[in-house]
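Below is one structure, written out as structure tokens; comments come after it.
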Amino acid sequence: TQLLEQSPQFLSIQEGENLTVYCNSSSVFSSLQWYRQEPGEGPVLLVTVVTGGEVKKLKRLTFQFGDARKDSSLHITAAQPGDTGLYLCAGATTGGQNFVFGPGTRLSVLP
Amino acid sequence: NAGVMQNPRHLVRRRGQEARLRCSPVKGHSHVYWYRQLPEEGLKFMVYLQKENIIDESGMPKERFSAEFPKEGPSILRIQQVVRGDSAAYFCASSSTGSYGYTFGSGTRLTVV
């Protein structure tokens, strides 16, 4: 069973601060995704990373996939209240057709 | 139909009744996944289907739960003889390739009373 851990579990910061959340596993993933989920809604895909060491930027969000494809990080610059939500990482094992989700990091950005 | 449509959004059932959850995938998507989410927890994989076939049901309880994705019509997740522990949000997702990202629906929130 592949398990994903995410840290921190909860994070509360002021608007304008920077933050990094982490996704770790002992398993190698063929690809890894980050989602954001708002209360009462389904997760929304932010990014997919597939290559070890890959870095992707999406406006103020920077995603990094570890060289060994076992871990990933999400860095948010100058956080805004609209960034509030549950951030989930999900990994697909090599040859796998479905994704295993981590428990998520619940981010609260205060104005 | 720009996204994944799930209905109903909220479903209340008494213990012992049946719950039927429907999911219409993004047009053109042939891969459908069902996940369950308990409050303050992540998503737990239940089942992966392609048209008329169950590909992986390793996350679905062996009893009372079943899923289908017929040639025509939506995917259905059926829970028979519901118990209070079945109360959760059930999310459906679809994809075109099965590998590079899902589109999720807004979920069905099942409450068993």
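Chain letters run A, B, ... following the sequence lines, proteins first and then strands; every chain starts at 1.
Interface summary for chain B: among A:Pro103, A:Ala90, A:Gly40, the most heavy-atom pairs under 4.5 angstrom belong to A:Gly40.
Here B:Val47 is tied into one hydrophobic group with B:Leu11, B:Leu21, B:Val32, B:Trp34, B:Met46, B:Leu49, B:Ile54, B:Met60, B:Phe65, B:Phe69, B:Leu77, B:Ile79, B:Val82, B:Tyr90, B:Leu110, B:Val112, each link being a pair of ILVMFWY side chains closer than 4.5 Å.
Aromatic ring pairs are classed by plane angle as parallel below 30°, tilted from 30° to 60° and perpendicular above 60°; the pair A:Phe101 and A:Tyr35 is tilted. Using cut-offs of 30° and 60° for the angle between ring planes, the B:His31 and B:Tyr48 rings count as parallel.
Contacts between B:Gln6 and chain A at a heavy-atom distance below 4.5 Å are absent for every atom of the residue. Neither the backbone nor the side chain of A:Gln6 comes within less than 4.5 Å of any heavy atom in chain B.
Under the rule for a salt bridge (Lys or Arg N to Asp or Glu O under 4.0 Å), the partners of A:Glu54 that lie at least two apart in sequence or sit in another chain are A:Lys56.
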